[in-house]
Peer 1: 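Below you will find the structure I want to go over with you.
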Protein chains: 2
Amino acid sequence: MLNSVKIGGNNSISGTASLVNHGLGSIKSSILKKVAARTILNAELFPDLQYLVIGSGVVGTQHILEDGRRSISTIFMPGDVLDFTRENTGGGSLIALTALKVHLFESEAFERLKHDNREIQQALADSYHKHCRHTALHCADLARKSAVEKLASFIIECRNRQMAGRARKISLMLKRIDIADYMGLRPETLSRAFSRLKDLELISFDDRNHVIICNEPALLQVANGGNLEQICVV
Amino acid sequence: MLNSVKIGGNNSISGTASLVNHGLGSIKSSILKKVAARTILNAELFPDLQYLVIGSGVVGTQHILEDGRRSISTIFMPGDVLDFTRENTGGGSLIALTALKVHLFESEAFERLKHDNREIQQALADSYHKHCRHTALHCADLARKSAVEKLASFIIECRNRQMAGRARKISLMLKRIDIADYMGLRPETLSRAFSRLKDLELISFDDRNHVIICNEPALLQVANGGNLEQICVV
DNA sequence: CGCACGCTTGATCAACTTCAAGTTTTGTGG
DNA sequence: CCACAAAACTTGAAGTTGATCAAGCGTGCG
């Protein structure tokens, strides 16, 4: 499956069609850095930075309204690429939602390489398109779904993006407040949604940050707006 | 401002940094087609289609939940590019929200051209990034804003994307039901939000589909989550 | 130990949805 | 061009959902 040197070596990205696997791994100029949770990722933090590939951890695009309301419009997971050559955030700022390990690629060397290397261009394009898909789905989640449906959808998104395949144990990765801000809910409401899914035996908890999917077909149906009463005869 | 042949000739896209202005205009193989409102745009409709540039009208990415709830995750306006070479919709389908005039670009000739022409690659990349920015902003709109804030935000988005500059008269382009589905509201709630903005004299109506921005600073503040009571001393 | 932080639970309240008319606009055939 | 029907939009009243406010419970750490 893998066809080039892998950077980072975090097994959460193995098997993916990530940028790393396409060509960036062969770049010698990559720098590995650790970033503390809650750090804002911007040009000042990483001078000369053009592209950043996440090795481990999660980054979010955070938006703050005038009165302090916070939302997270998109999240980036291991293997995802952040492109600092353009403003893609729509006015939001990139923030480390967990501690990170990131691979940095410096400007000039990378730009030359990208110019010549069709595989890298392709890998970057793939990454953009994947991001577009995720974001479109996320809009659909936010627009018309109930709290429980949003949470079911989030758990499914986590599983899909962690490349967990059909694994039943899913890492939530984020704190409750960040999941809430991502799904457009308040933490209290999110907590009640967790309880609801647990009571209906669609999920159970391994620990606070790891859920076990107990009834996947039902969870998928709930995520897609199916009728809870019909799905869970309790 | 324009630096190449323009296709379509719709003045709503003049002055933009759209794909058309960058390089696609020089492609001779483009086909102009009219599309009726409510048509689903897919591979069956346009065999061999790779890229589509909107000349006039609006396209939306539509998602339907199991019980029929509908949402529109993203919209495309004149000058925007639809890329049919990949699935970017996150499971949604592209639908003409108004009657359209579109410019189609056929597969093989275009692929060759793109391969050789750096300007076209750049123009496509620009288009993707613009789309990403709009979608991120839209997520922030959906997540935590009230109905009135969402509507204010939609009006501002319309103005910005229509390249209306600081024009006060804005075309809403969409029907109420589509605006509602885009902003995650029911048409009744949207209607009440329109009344609210009108009563507060932030907007007035030219006709049903054209609003006049009466107090732009206030409208911007409302769109960004400012306190209505403080902004509008009524 | 005790404080801080993150999460959960309970009660109340506001906002949005739903349901049910009305009203205006649009489109069509005579 | 008008009449009429259908579609689109608005308005009102009642019902739900999620937000807010307030308190309580663990867990980790100085």
Side-chain angles (χ1 to χ4, degrees), chain A residues 36-38 65 67-71 97-99 141-154 172-199 203-211 222 225 227-229, chain B residues 36-38 58 65 67-72 97-99 141-154 171-200 203-211 222 225 227-229:
Chain A
R38 302 291 130 182
L65 296 186
D67 61 354
R69 270 172 289 173
R70 172 181 186 255
S71 65
L97 299 177
T98 67
D141 284 345
L142 291 173
R144 298 293 310 278
K145 289 186 181 176
S146 72
V148 172
E149 289 163 355
K150 284 176 176 177
L151 177 55
S153 218
F154 175 75
L172 296 174
M173 295 172 296
L174 307 186
K175 289 194 299 187
R176 295 286 187 272
I177 182 69
D178 292 326
I179 300 175
D181 285 342
Y182 182 53
M183 299 316 294
L185 301 167
R186 312 269 49 219
E188 296 93 329
T189 307
L190 181 70
S191 177
R192 285 181 247 269
F194 269 121
S195 304
R196 195 85 208 285
L197 287 181
K198 202 183 73 168
D199 292 347
I203 62 169
S204 62
F205 281 95
D206 198 43
D207 63 61
R208 201 169 258 183
N209 293 309
H210 294 266
V211 300
V222 171
N227 187 318
L228 253 189
E229 321 297 308
Chain B
R38 302 292 127 181
V58 182
L65 296 186
D67 61 355
R69 268 172 291 173
R70 172 181 185 254
S71 65
I72 294 173
L97 299 178
T98 68
D141 284 346
L142 290 173
R144 299 291 311 278
K145 288 186 182 176
S146 72
V148 171
E149 289 163 355
K150 284 176 177 177
L151 176 55
S153 217
F154 175 76
S171 166
L172 296 174
M173 296 173 296
L174 306 186
K175 289 195 298 189
R176 295 287 188 271
I177 181 71
D178 292 327
I179 300 175
D181 285 343
Y182 181 54
M183 300 315 295
L185 300 168
R186 312 268 49 218
E188 295 93 329
T189 308
L190 181 69
S191 178
R192 286 181 244 270
F194 269 120
S195 305
R196 195 82 209 285
L197 287 181
K198 202 183 71 166
D199 292 346
L200 293 169
I203 63 170
S204 62
F205 280 96
D206 199 42
D207 63 59
R208 202 172 255 180
N209 294 309
H210 294 268
V211 300
V222 171
N227 186 318
L228 252 191
E229 321 298 308

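Convention: sequence-line order gives letters A, B, ...; per-chain numbering from 1.
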Peer 1: List in chain and number order the residues that pass side-chain contact (heavy atoms from CB on, under 4.5 Å) with B/Leu190, two or more places apart in sequence or in another chain; answer none if no residue qualifies.
Peer 2: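 Partners of B/Leu190 by the side-chain contact (heavy atoms from CB on, under 4.5 Å) criterion, ordered by chain and then number, come out as B/Leu151, B/Arg176, B/Ile179, B/Ala180, B/Leu185, B/Phe194.
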Peer 1: Going 5' to 3' through nucleotides 10-27 of chain D, assign each nucleotide B (protein heavy atom under 4.0 Å from a base atom), S (under 4.0 Å only from sugar-phosphate atoms) or - (no protein heavy atom that close).
Peer 2: SBBB----SSBB------
Peer 1: A/Leu197 has an atom CG; how far is it from atom C1' of C/dT8, in whole Å?
Peer 2: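 That distance rounds to 15 Å.
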Peer 1: Partners of A/Asn209 by side chain to side chain donor-acceptor pair (under 3.5 Å), sequence neighbours excluded?
Peer 2: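 Applying side chain to side chain donor-acceptor pair (under 3.5 Å) to A/Asn209 gives none.
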Peer 1: For the pair made of CZ in A/Arg196 and P in C/dT8, what is the distance, rounded to whole Å?
Peer 2: 16 Å
Peer 1: Is the closest basic N to carboxylate O distance between A/Arg38 and A/Asp178 below 4.0 Å?
Peer 2: yes
Peer 1: Identify, with sequence neighbours excluded, every residue that meets side-chain contact (heavy atoms from CB on, under 4.5 Å) alongside B/Ser71.
Peer 2: A/Ala140, A/Ala143, A/Arg144, B/His63
Peer 1: For the helix from C/dC1-D/dG30 to C/dG30-D/dC1, what is the angle between the axes at its two ends, each from 5 pairs, rounded to 10°?
Peer 2: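 Both end axes considered, the difference amounts to 40°.
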Peer 1: Identify, with sequence neighbours excluded, every residue that meets side-chain contact (heavy atoms from CB on, under 4.5 Å) alongside B/Ser146.
Peer 2: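 Expected list: B/Val148, B/Glu149.
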Peer 1: Just how far, in rounded Å, is P of C/dC7 from CG of A/Asn209?
Peer 2: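 My rounded result for the distance is 7 Å.
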Peer 1: Compare all side-chain heavy atoms of A/His210 with those of A/Phe205 and state whether any distance is below 4.5 angstrom.
Peer 2: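 No, side chains not in contact.
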Peer 1: Can you tell if the side chain of B/Asp141 reaches within under 4.5 Å of the side chain of B/Phe154, non-hydrogen atoms only?
Peer 2: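 Of all side-chain heavy-atom pairs linking B/Phe154 with B/Asp141, none is under 4.5 Å.
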Peer 1: Measure CD1/B/Ile177 against C1'/C/dT18 and give the value in whole Å, please.
Peer 2: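 Between C1' of C/dT18 and CD1 of B/Ile177: 14 Å.
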Peer 1: Nearest-Å distance, CD (A/Glu149) to P (C/dT17)?
Peer 2: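 In whole Å, C/dT17 P lies 14 Å from A/Glu149 CD.
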Peer 1: Can you check the A/Asp207 CG to C/dG6 C1' distance for me, whole Å?
Peer 2: 14 Å
Peer 1: If you measure from OG1 on A/Thr189 to NZ on A/Lys150, what distance do you get to the nearest 0.5 Å?
Peer 2: 9.0 Å
Peer 1: In whole Å, what is the span from the NZ atom of A/Lys175 to the P atom of C/dC7?
Peer 2: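 Rounded to the whole Å, the gap is 7 Å.
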